[in-house]
Q: 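Pasting in a structure now, in structure tokens, and then I'll have a few things to ask.
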Amino acid sequence: MTEIIETAGQAKMYMRRALELAQTAVERGEVPVGAVIVRRTTGEIIAEGFNQRESGRHALAHAELMAIDQACRKLGGWRLPDCAMYVTLEPCPMCAGAIIQSRIDEVYFGASDPKSGALVSVEEMFSLPYNYHPTIHRGILKQECSGILSEFFRDLRIRNTQCRKQK
């Protein structure tokens, strides 16, 4: 049996990288969500993604899907065994479905999503009778993950208000 590389400190390290990717999304005018996929036995980050729906003009360009696509290409298959995903925001139903389909072992997320979260908030997809059930770890760097989202949407509301006043 192989040893799994996993400590609370490492989870925070990977989530910090996901937060850096979320910041990249902000700089491109995207909702700040970042995701990394890690090989559990080696601790190597094998894929990264951030939201690109606005810039890519594509509904599927969620951070999680971008990372899953990159990981599949790197590993040469659609299954991602021995992998964990670290994502700043609780995945939506589409992303949760992709996580199930790609057989990612564990999902670590920072902020819950009370409007679209499909792991613990709106629904609990991983507890439904699908053929695969990843393990969930929530609240990793929760304040930082929630903070970047709150700041983004606050700034967006301010910009929208200013635009309306100028018209």
Side-chain angles (χ1 to χ4, degrees), residues 5-38 40 43 45-71 80 83-100 102 104-128 133-164:
I5 309 294
E6 190 178 294
T7 67
Q10 285 175 316
K12 288 180 182 177
M13 176 187 71
Y14 298 130
M15 191 62 75
R16 282 189 189 94
R17 178 60 189 147
L19 279 163
E20 289 172 4
L21 293 164
Q23 184 59 45
T24 299
V26 168
E27 292 162 8
R28 296 182 181 194
E30 302 281 352
V31 173
V33 179
V36 298
I37 297 178
V38 175
R40 295 170 65 226
I45 293 176
I46 61 166
E48 301 179 334
F50 57 88
N51 273 6
Q52 298 178 48
R53 290 191 314 171
E54 298 297 331
S55 58
R57 296 180 176 187
H58 200 293
L60 303 179
H62 288 212
E64 300 94 324
L65 298 183
M66 305 304 282
I68 288 171
D69 181 60
Q70 189 179 94
L80 300 175
C83 288
M85 177 181 281
Y86 295 79
V87 60
T88 56
L89 181 64
E90 178 182 1
C92 71
M94 176 177 65
C95 293
I99 290 164
I100 291 168
S102 62
I104 290 174
D105 293 330
E106 296 182 290
V107 177
Y108 295 77
F109 72 87
S112 295
D113 186 348
K115 294 181 179 178
S116 299
L119 305 189
V120 299
S121 296
V122 176
E123 57 185 311
E124 297 179 4
M125 282 186 65
F126 294 173
S127 66
L128 295 174
H133 301 94
T135 303
I136 302 167
H137 306 273
R138 64 191 205 185
I140 311 298
L141 298 181
K142 180 181 177 179
Q143 290 179 327
E144 293 91 331
C145 293
S146 296
I148 193 170
L149 286 156
S150 295
E151 183 177 336
F152 174 81
F153 286 112
R154 185 192 70 233
D155 292 347
L156 184 62
R157 283 189 299 277
I158 290 169
R159 283 193 306 274
N160 288 343
T161 300
Q162 290 171 345
C163 285
R164 283 192 297 272

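These values consider heavy atoms only, across backbone and side chains, with no hydrogens, waters or symmetry-generated copies.
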Q: Measure the shortest side-chain to side-chain distance between Met94 and Leu65 over non-hydrogen atoms and say whether it is less than 4.5 angstrom.
A: yes

Q: Pro91 versus Ile99: any side-chain heavy-atom pair under 4.5 Å?
A: yes

Q: Between side-chain atoms of residues 21-29 and protein atoms elsewhere (two or more places apart, or another chain), which donor-acceptor pairs fall under 3.5 Å?
A:
residue	atom	partner	partner atom	Å
Thr24	OG1	Glu20	O	3.3

Q: Which atoms form the tightest heavy-atom contact between Met125 and Gly97, and what is the distance?
A: CE-N, 4.0 Å

Q: Regarding Thr135 and Glu106, is there a side-chain donor-to-acceptor distance under 3.5 Å anywhere?
A: no

Q: Quick one, Ser127 and His133 - any side-chain contact, counting heavy atoms below 4.5 Å?
A: no

Q: Heavy atoms only: give me the nearest Met66-Gly49 pair and the separation to one decimal.
A: CB-CA, 4.0 Å

Q: Just wondering, are more than 12 heavy atoms of other shown residues or ligands nearer than 6.0 Å to CZ in Arg154?
A: yes

Q: What's the shortest heavy-atom distance between Cys145 and Ala111, and which atoms?
A: CB-N, 3.8 Å

Q: Less than 4.5 Å apart, any side-chain heavy atom of Tyr108 and any of Val87?
A: no

Q: For residues Ile148 and Thr88, determine if any side-chain heavy atom of one lies less than 4.5 Å from a side-chain heavy atom of the other.
A: no

Q: Just say parallel, tilted or perpendicular for the rings of Tyr14 and Tyr86, cut-offs at 30° and 60°.
A: tilted

Q: Give me the atom names and distance for the closest heavy-atom approach of Leu119 to Glu90.
A: N-OE2, 2.9 Å

Q: Any idea which heavy atoms bring Asn51 and Ala63 closest together, and the distance?
A: OD1-N, 2.9 Å

Q: Taking the side chain as everything from C-beta on, heavy atoms only, tell me whether Ile104 gets closer than 4.5 Å to Ile37.
A: yes

Q: What's the shortest heavy-atom distance between Val122 and Ser116, and which atoms?
A: CG2-N, 3.8 Å

Q: Looking at Arg17, Gln70, Met85, which hits side chain to side chain contact (heavy atoms under 4.5 Å, CB included) with Val36?
A: Arg17

Q: Within the 4.5 Å heavy-atom criterion, are Val120 and Phe109 side-chain neighbours or not?
A: yes

Q: Should Ile46 and Val38 count as side-chain neighbours, where that means a heavy-atom distance under 4.5 Å?
A: no

